[in-house]
Amino acid sequence: MAEQNAASVFDSTDEIAWCPGCGNFPILKSLKQALFDLGKQPDQVLIASGIGQAAKLPHYIKVNGFNGLHGRALPPAIAAKIVNPGLTVLVNTGDGDSYGEGGNHFLHNIRRNVDITHLVHNNQIYGLTKGQASPTTDLGQVTGVQTLGNIDQPLDPVLMAIAVGASFVARGFAGEPEHLTELIKAAIEHKGYALLDILQPCVSFNKVNTYDWYRERVYRLGDDYDRTSWQQAMAKAAEWGSKIPIGILYQIDKPTFADRLTWLKNSPHLVDRQWEPKDAEHFMQELD
Amino acid sequence: MAEQNAASVFDSTDEIAWCPGCGNFPILKSLKQALFDLGKQPDQVLIASGIGQAAKLPHYIKVNGFNGLHGRALPPAIAAKIVNPGLTVLVNTGDGDSYGEGGNHFLHNIRRNVDITHLVHNNQIYGLTKGQASPTTDLGQVTGVQTLGNIDQPLDPVLMAIAVGASFVARGFAGEPEHLTELIKAAIEHKGYALLDILQPCVSFNKVNTYDWYRERVYRLGDDYDRTSWQQAMAKAAEWGSKIPIGILYQIDKPTFADRLTWLKNSPHLVDRQWEPKDAEHFMQELD
Amino acid sequence: MDYNVLVGGAAGQGVDTLAKLLEQILKKNNFEIFSNKDYMSRVRGGHNFTQIRFGESPLYSQRDDLDLVIALDMTTVNNHRARLSTSGKLLGDVSLRPELDADGIWLPLKQTAKALGSPLLEGTVAAGAALKLFALQLASAEPVLESIFQAAIRASNHQALEAGFNMVESVFPTLEPVNEHRIMLNGNQAIGLGALAAGCCFYAAYPMTPSTGIMNYLAAKMAETKIVVEQAEDEIAAINMALGASYAGVRSMTGTSGGGFSLMVEALGLAGITETPLVIAEIQRPGPATGLPTRTEQGDLKFVISAAQGEFPRMVIALRNPQDAFYQTARAFNLAEQFQIPVILLGDQYVGDYYQTIPPYDFSKITIERHLSTEATKPYRRYALTESGISPRLVPGRCAGEIVLADSDEHTEFGHITESATVRNAMVRKRLQKLKLLEAEVEEPWFFGQSEPEVLLVAWGSTAGPVREAVETMRQAGISVGALVFGDVYPFPSRSLKQQAATAKHIINVEQNATGQLAALMRDETLIACTESVLKYDGRAMSGGYIVSRVKEVL
Amino acid sequence: MDYNVLVGGAAGQGVDTLAKLLEQILKKNNFEIFSNKDYMSRVRGGHNFTQIRFGESPLYSQRDDLDLVIALDMTTVNNHRARLSTSGKLLGDVSLRPELDADGIWLPLKQTAKALGSPLLEGTVAAGAALKLFALQLASAEPVLESIFQAAIRASNHQALEAGFNMVESVFPTLEPVNEHRIMLNGNQAIGLGALAAGCCFYAAYPMTPSTGIMNYLAAKMAETKIVVEQAEDEIAAINMALGASYAGVRSMTGTSGGGFSLMVEALGLAGITETPLVIAEIQRPGPATGLPTRTEQGDLKFVISAAQGEFPRMVIALRNPQDAFYQTARAFNLAEQFQIPVILLGDQYVGDYYQTIPPYDFSKITIERHLSTEATKPYRRYALTESGISPRLVPGRCAGEIVLADSDEHTEFGHITESATVRNAMVRKRLQKLKLLEAEVEEPWFFGQSEPEVLLVAWGSTAGPVREAVETMRQAGISVGALVFGDVYPFPSRSLKQQAATAKHIINVEQNATGQLAALMRDETLIACTESVLKYDGRAMSGGYIVSRVKEVL
Ligand SMILES: Cc1ncc(C[n+]2csc(CCOP(=O)(O)OP(=O)(O)O)c2C)c(N)n1
Ligand SMILES: Cc1ncc(C[n+]2csc(CCOP(=O)(O)OP(=O)(O)O)c2C)c(N)n1
Ligand code: SF4
Ligand code: SF4
Ligand SMILES: [Mg+2]
Ligand SMILES: [Mg+2]
């Protein structure tokens, strides 16, 4: 067998429809590299997404894909993981998709703690629909809909995730792809729901949060940072403005959804369940 | 005019369908008292609700009411306030309604900061549908659907609200109605979105979180408590278990949605807007 | 020959327990039973009642006139005494005795209950009296007390039953018990059991009356069957979770009522374009919006048939009774996987909640046909255009080296987003072609009564039982009448309708709604117009008797 | 006489700017214009094009054969050169010149642009050349450059235009300009302007192609008109916000496409049962689910007519062109408030996005009829059963001492939750009665062509223009043909259809979908069945020419 690299294993033949220079390209590359480094095989990985520019990602990588509805990437992803824990399940989708239309699933899946990885391509804008404010757009930013400037206070997704009880919360930046690769690997290896919010410049519609804008602000969390302290993580996560921390903000051990499905402990995965209609016949007894 | 009290001003003729002993009764009473104390008139108050036991409240009080869809109390409430800022707008509805089905509106209306009061009758259960787990039900609690115990980590709504940026967050208890009245008054008087989560025993379906259970745990925040400190509020809000603080956990001044609608500053409320079709005629010029 | 008992009181007074006790005892006595509940959307107070009809031969519907009313409150006395048949009796605590009462049976129920330790025993005392009135054996209640009451309160209930039993004399002539084996259940349980039999192992839903019974049934069996029943944060999550599970390779299902189904509409289209099998139970209640949450209606037929933007194949099966509900649920899973489509099981509060005795299900009739591929032509094309019209479906991760890509955009055979007009045309045709294939699967409606009748009733779903009884009554009265009751409603089976309608002078649609939705569907599908309508939309299920009188009115 | 120009290139190459420049210049030259865009769901790359048709008399549709193709890339050359008419010309940069090219016009566009300082000027150079080809005056472009380009780049664009102008000689015979005043806009703008005229002051929506144009239009006018345009967190919030605003007393509206409408379904029923006026624009795109986001289809007709559980009145108006869209939007607000119902404006990407010159709107024809009460019989009953069938509607807080209670459950006249069968029946009848009242308001379809024709085309909404052109073409060819184009589709106006269908030998439904949804509605409503169908469902709008050829095929 010829020597393999991330590209040869995970490359898709589909033409990429993103704009040249889009921050999604380095994210895609880091993702492939992370999967490769972890020794994942395409047929053992599932990426779910919603609708948006980021959400097109499942077409641009050779793994199983479920490109569903706008805002609805998480529900199919967690269900797939529940019925087949053998799959490595990721969600790659946009900030509008994850925090806007999909906000309720974001909130409640933190509580479920299913062992999946949620990568949010956070370009602080609705890219595919041509540039309206997303939940992470800064106050005052002018768009075709927010013609007098955005008036809704932006959401800090990492802060919210930590507050609601996520067991892994990190922030990455498309402009630091090697660092990002490491974060993606850590997120995938984390047992439980892992949120990785990725700062992703949109070169076409977000003229405020550019590569330069981010570069001037992001800094990596140091080795001395204690990612297991909730209080400290809350404080760090709240940092946004002239300085923006990237790295793993918070990580703890916590029972996952699967851990709590105690009645399935010693039985095969649902996808491998053996079942005959007759197996249910005895339930008629209680109807006698 | 005969002397007025809360009952005579706000009493509804509709028969109350709640169970005897339900924690909703004292909440209703405190609410009427609060409105009375603040000198509100029935026709100047609007209460919106979703569907559930708590959500029946608009029928049991004489004020304007919009008893809408399950989970959808907030959107009509904020819209009504936006178009008619002269109304005192409240939402009275359940924990399932507010945090479950309605989670996305909860999240995003914190960001909008419209000047309304959100009273959540939090009985940690779905009452009307006969006792399934709500987002605030404790781990392990057994119900007709969670037959092997609830496995989703409960949401701490006050913590989340503070984290996401609410400007007024409080917790009350149906078992302390005078205190509750004061909290409701403070919430109504607060300028901006005010969340008041009210611990409300459900005597029919929640056999865990009973009046006694709450009484053993709740304590009032002291006068020395600094409700303007975000860090401290986060820590307080996270307290849940053997001790549960009630009172105003967090309150700050923040521009409201209306403050940010700068272009409406010197014009009449939308509900009083004067408009003729001809007023739009000049927009044809740019189509020439 | 059959008897009709009504048990009524306020929510929280124990109407449910009393009804259950009576039903179970009657079941142990081997009678045929039909029992339906009328309850309000509240937990305490108000007025709830259950009508228990039992007899010697199969019962298909409630009956309007009553043989016995057991009243736990005055509202029950007032609301229902007029419905008593000439030999009918009213049973209640002495405190309820109306001023001018001739033949009521007024017993010290409350006092006896209190003496035995709890006012809650009142119902059991009344049940004991009822047993005696119908000349049943006290012993026949033994196993029921065992199964219904926890050990701590079993003895006192036993005493209460006996005390009531000894208070009265038998009044009603005895009935002949049935010889065949019967099970008793409601439609929601039947759906749940059908799903279990069919190998469903993932059920995601959000509680909504009157569909919650399905979730309760399955949730109670989780540990034993090793399945997952997950309460979703909302109905949107529920259906998208069910789709994810199905995509990942298991049989999955969701259930709700009309309001929740509204929220599932977008994902119904997702099932359509991604060709992901899915079974959805929609248990109707009266709308619009919140409507009457605990009551019944057939108001969502046109809605579920045309729900979601765009055009894609689906199948809609209306459930006609608990017998039907079980087999149709199992069939739905096979059809969903064979054609890779969403299949909607359309029930309503009536068929979901009424209890009926029926012959045990024949599990050997249930098959699990997954229609999954295990090998693929490489590279695998999820949406391959095949001669059969169906693309091979792989389970992700179960075919080495091949990946499965599902897409909600219009897509190529590989599942990649496309903008090609040619591919679009091919994919639209491929999907809609399945409607043609489905036509071969569609089952003709049930037919009751006289063939080529003068009066043809057309109905669908849960009114099957009442319509059947109505037809029998009318035939006995010499009317030339027959009825078609549709189960499969979409794609619409039109053969029998065309046949029977050809000679009918009157074609009357009998529907539990206000606009006649089946009639509209018939016009669209067959150009056959009904001549008259019997419609009911007050949220209360029509009985056979109601249909007879309304048909006579409109004729 | 008219010309047909196609401008094509990849997204991001400036196709849009070039098209806009040409359109505006042609507008300034007082031609009639019909211009439609074909674009992909991506921001850069791919293949987008705009077809600009201009002429001496009104144009109702795009034309398939081209007089000039302006190619910014090779794909444009390859995809469209076959569509050139015999005298047609291909215009592009020299680098695009195909090997075997006879009569293309290959100019140093890129080189000129670069010389003038920016490759982005290529389109303007091409536009200049096009001006000359059609023998227009360079000066006529002056005000357009002014309005389109910011000061910084205005001069260079001017030079570019002039350079292109001087590169070629006139080729096409000059056209006669139109004398009357014209405005040019697309359907989405027309809806927005109609809403403003009608006094709408609250618009809540979530972005969704192809409906976002409405929101963009209104958002740009917020400050000047003192209104609120709010982007909701999702479509469920959007419609519930719009309902809250309407309840509170203002005219409000929401807009979306099919996917978002799916999420609004439950609240549609809420509007129905609470009797809250609401205007909803549903701008269709091809489904199911995400489908083809930037393309067109008429796939949601049956869906919007029967969306939501339960039964309640609504009105559905299909928009036929920008002229119609404006007046119908204003009318929708009046109907919504008169009958206290949701009114759905059903458009599609085609009518939403194509630009057309039309006579200026007559604002004196627009009236604002609020139908609000200011006094109440006390105590006020929101859902009073009145003789007219409509309950008096108060604005909360605007009638001293009286309160307004809206309820999604079945309710009493006061708006309180009820379980009464009698009240339920009365309320169902009260609501459905409005459908009868609406029948008096419903407008018959437009009719084009020969009355009592042999060939009757039936169509609805956006195909009005193409159908009109098709009818004209066929009549010139001596065919006895007429067409009914429905605007109001629900309640369904059947009078003209019955009249025209009586004598027609062929009744052909012309629809931009795959299943023939209007034909199904006609069968249901009138028992009239179409004999043949012309359907298109590849996401590309049909032209008049397309209809002619397909009709000839099926005849
Ligand atoms: C139900 C529904 N509503 C709206 C849309 C339109 N839509 C598609 S993508 C998108 C926003 C995308 O923003 P984001 O998730 O941030 O992704 P990005 O394009 O920025 O990567 C919207 C509103 C849709 N497809 N479905
Ligand atoms: C769309 C929809 N889904 C589900 C329901 C059913 N439902 C009504 S109330 C309720 C839960 C109520 O719980 P909560 O909000 O906590 O109110 P409580 O009854 O406890 O006061 C549910 C699930 C509904 N009415 N609509
Ligand atoms: S619009 Fe923005 S997010 Fe989308 S592909 Fe282009 S640069 Fe990337
Ligand atoms: S069920 Fe619970 S919440 Fe509902 S009325 Fe009864 S006690 Fe109150
Ligand atoms: Mg984005
Ligand atoms: Mg609750």
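To find a chain, count down the sequence lines: A is the first, B the second, and so on, and within it residues start at 1. All of these numbers come straight from a predicted model, not from anything done at the bench.
- When heavy atoms are compared at a cutoff of 4.5 Å, A:S49 does not approach chain C at all.
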Report task. Dump the intermediate steps for salt bridge (Lys or Arg N to Asp or Glu O under 4.0 Å) on A:D279 and C:K226, then the final yes or no. Result -> CA-CA 12 Å; A:D279 295 336; C:K226 309 287 184 200; over 6 Å; no
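- Using a 4.5 Å cut-off between heavy atoms, A:F257 contacts chain C through its side chain alone, with no backbone atom that close.
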Query - C:I227/A:R273 under side chain to side chain contact (heavy atoms under 4.5 Å, CB included): CA gap, chis, key distance, verdict - result: CA-CA 9 Å; C:I227 65 171; A:R273 178 171 176 263; 3.5 Å; yes
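- Both the backbone and the side chain of A:V271 come within less than 4.5 Å of a heavy atom in chain C.
- The shortest heavy-atom contact between A:A280 and C:L193 is O-CD1, 3.8 Å.
- Contacts with chain C were tallied for A:L107, A:L264, A:T13; A:L264 has the most, counting heavy-atom pairs under 4.5 Å.
- Looking at A:L261, only its side chain comes within 4.5 Å of chain C, counting heavy atoms on both sides.
- Here the side chain of C:Y361 pairs no donor or acceptor atom with the backbone of A:M284 at under 3.5 angstrom.
- Looking at A:H282, the atoms closer than 4.5 Å to chain C (heavy atoms on both sides) all sit in the side chain, from C-beta outward.
- In this structure a side-chain-to-backbone donor-acceptor pair under 3.5 Å is present from A:N64 to C:V404.
- Of the candidates A:L74, A:I78, A:L69, C:N240 forms a side-chain contact (heavy atoms from CB on, under 4.5 Å) with just one, namely A:L69.
- For A:E286, the part lying under 4.5 angstrom from a heavy atom of chain C is the side chain only.
- If you measure heavy-atom distances from A:H108 to chain C, the contacts under 4.5 Å come from the side chain alone.
- A salt bridge is defined here as a Lys NZ or Arg NE, NH1 or NH2 lying under 4.0 Å from an Asp or Glu carboxylate O, and A:R112 with C:E230 meets this definition.
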